Amino acid sequence: STVVVLAVVALAAAAAVADIPRAGTAHAAPFASAVENEGAGCAVPALPDAGSLPTNARLPDPFQRLDGTRIASRADWRCQRELTRRLAERFVYGEKPAKPTVSGTVSRTGITVNTSHQGRSSSFSAKVDLPSGTGPFPAVIVYGSFGGDTATIKASGAAVISYDPYAVGKEGTGRANKQGAFYTLYGSSSSTGLLMSWAWGVSRIIDVIEQSGGTILKADATGVTGCSRFGKGAFVAGAFDQRIALTMPIESGSAGVPIFRGIPGEGAQSLSSAYGEQPWLGDAFGTFTGGPARLPIDTHQVVGLVAPRGLLIMDNPHIANLGPRSASVAALGGAEVYRALGAGENITYWSDVQDGSHCANRAEWRTPLQQSIQKFLLGTGSAPGAMRISSRAQGNLAEWRTWQTPTLPAGPEPTPTVTATPTPTVTPEPT
Ligand code: MCU
């Protein structure tokens, strides 16, 4: 009868919400996780060898497993995400090691991070700039000098943590002689690229905030942003730490958001140029610069790693070298993962901007930036939830995929944090 139907609908709606990964307690940042990687315990089959990868001119299916089957529920996403994460490490960015021993301090003006691993140790620090009001505050980690709109970040109620990624992974070195706090710990010939080393540094800052007890900064409400090479960095940081509630890459260009497969046709910085300019990508990417069609993943799936957490991709349609068309395809493809997880409104791509100068501070981004901070770091208001793609640089996802987005039934939760209400048995009505 109607009552049964309504009850089932209500249960399904509750499960749909409950299924989105999140921490178990009330949380200002409702989509972030309490842990860096929820899929750490997944049994992932052996990854393919670099030498035996098939060619696929289109974007790989984010929902397909290595054995060719597709995931069938939202709960399946946790281990599919883990597979995606490992493919991205193996073939694109290099490995992000698990948390080493971490200690440090948080004050109203700065953060120190001390790390050690197997007898080696290294440290780095970051500046803190608090907004007005009484804390503890959420915070946005801003990469280096090409950061974001720090005035708007603070005016929105979040602290700014100024992070110098070069202290963790230095530019200007050869691939065999990498330097910085990450490489002091893991070796100067580590095959992990700078973007992932910087992401590791962001995760270690969050470790220190967690360990600080959260009196100045909240550990469960962290965002990350940066422009250009630091947009590449912010994107990778958000993809590889599920504690990050809001990821905001700006004009990231090749090796950032744009699909690797699209770049060659658009006038974007070539993959070999981006790979060679700095050791941003992992050493393993070297065999793909001339043939990205052999990559078993593409950046739409890196966007998917961020799902269902807040993502605001800001892009510049006036500079073809940045690959804005290819970036829009990555956003549209990744948005399909968000949609499948029931979180379509948590991703925004915004390239509808007037000023063409690289890393300009743009008025058009102020409102979506503020809304994103409020929604994902403070837990108030609603997300911008928009695909504002400039007509100057519009990609067409349909040209890039053969797969369709599955309807993924919600629940059951893999690890329930509350006692589950028993699901009633529904007897179909006679016809
Ligand atoms: C868009 O990001 C990079 C670009 O990939 C490099 O080729 C260029 O040298 O620097 C850009 C950047 O970081 O500008 C601040």
Side-chain angles (χ1 to χ4, degrees), residues 92-94 141-150 162-175 178 180 193-199 201-202 224-239 247-283 285-286 288-290 292 295 298-299 302-303 311-331 349-351 353 355-362 365 390 392-393 395:
V92 180
Y93 304 109
I141 298 172
V142 178
Y143 274 54
S145 45
F146 330 113
D149 180 352
T150 52
S162 302
Y163 170 52
D164 173 13
Y166 298 149
V168 175
K170 200 168 154 32
E171 288 193 342
T173 72
R175 286 189 175 271
K178 301 186 187 87
L194 298 184
L195 301 180
M196 190 65 102
S197 78
W198 301 345
V202 166
V224 62
T225 193
C227 185
S228 206
R229 66 197 60 197
F230 297 150
K232 311 180 206 300
F235 180 52
V236 175
T247 302
M248 302 184 286
I250 307 168
E251 301 182 50
S252 61
S254 306
V257 174
I259 54 169
F260 297 125
R261 283 166 171 80
I263 281 167
E266 185 180 1
Q269 179 177 24
S270 73
L271 295 176
S272 55
S273 166
Y275 179 80
E277 182 175 338
Q278 297 291 344
W280 289 318
L281 295 167
D283 295 359
F285 194 83
F288 299 102
T289 56
L295 280 167
D298 212 314
T299 56
V302 183
V303 170
L311 178 57
L312 171 59
I313 300 171
M314 290 165 267
D315 219 335
N316 179 343
H318 304 275
I319 303 178
N321 183 261
L322 290 169
R325 198 178 295 271
S326 300
S328 74
V329 176
Y349 179 88
W350 200 300
S351 64
V353 296
D355 185 343
S357 37
H358 188 38
C359 299
N361 190 335
R362 293 186 171 78
W365 289 337
S390 163
R392 294 171 157 270

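All values reported here derive from a predicted model rather than from experimental measurement. For ligands, and for the atoms within them, numbers begin at 1 and follow the listed sequence. The figures that follow rest on heavy atoms only: side chains count, while hydrogens, waters and symmetry mates do not.
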Tested for side chain to side chain contact (heavy atoms under 4.5 Å, CB included) against Pro249, the lone hit among Val236, Leu311, Asp315, Leu312 is Leu311
Counting distance only, does the side-chain N/O of [X] pair as donor-acceptor with the main-chain N or O of [Y] below 3.5 Å?
X	Y	value
Ser270	Ser273	yes
Tyr163	Trp198	yes
Tyr143	Gly233	yes

So the atoms of ligand 1 within less than 4.0 Å of a heavy atom of Lys232 turn out to be 1 (C), 2 (O), 3 (C), 4 (C), 5 (O)
Numbered atoms and elements of ligand 1 in range of Leu322, under 4.0 angstrom, heavy atoms: 1 (C)
Is the contact between Asn321 and ligand 1 made by the side chain, the backbone, both, or neither, using heavy atoms and a 4.0 Å cut-off? neither
Could you go through the side chain to side chain contact (heavy atoms under 4.5 Å, CB included) check for Phe235 and Val303 one step at a time? CA-CA 8 Å; Phe235 180 52; Val303 170; 3.8 Å; yes
Shortest heavy-atom approach to atom 11 (C) of ligand 1 - which of Gly231, Gly256, Ser254, Ser228: Ser228
Applying salt bridge (Lys or Arg N to Asp or Glu O under 4.0 Å), can you list everything that pairs with Arg229, at least two apart in sequence or on another chain? Glu171, Glu277
Shortest protein contact, [atom] (heavy atom only):
atom	value
atom 10 (O) of ligand 1	Arg229 NH2, 2.8 Å
atom 9 (O) of ligand 1	Glu277 OE2, 2.5 Å
atom 4 (C) of ligand 1	Gln269 OE1, 3.5 Å

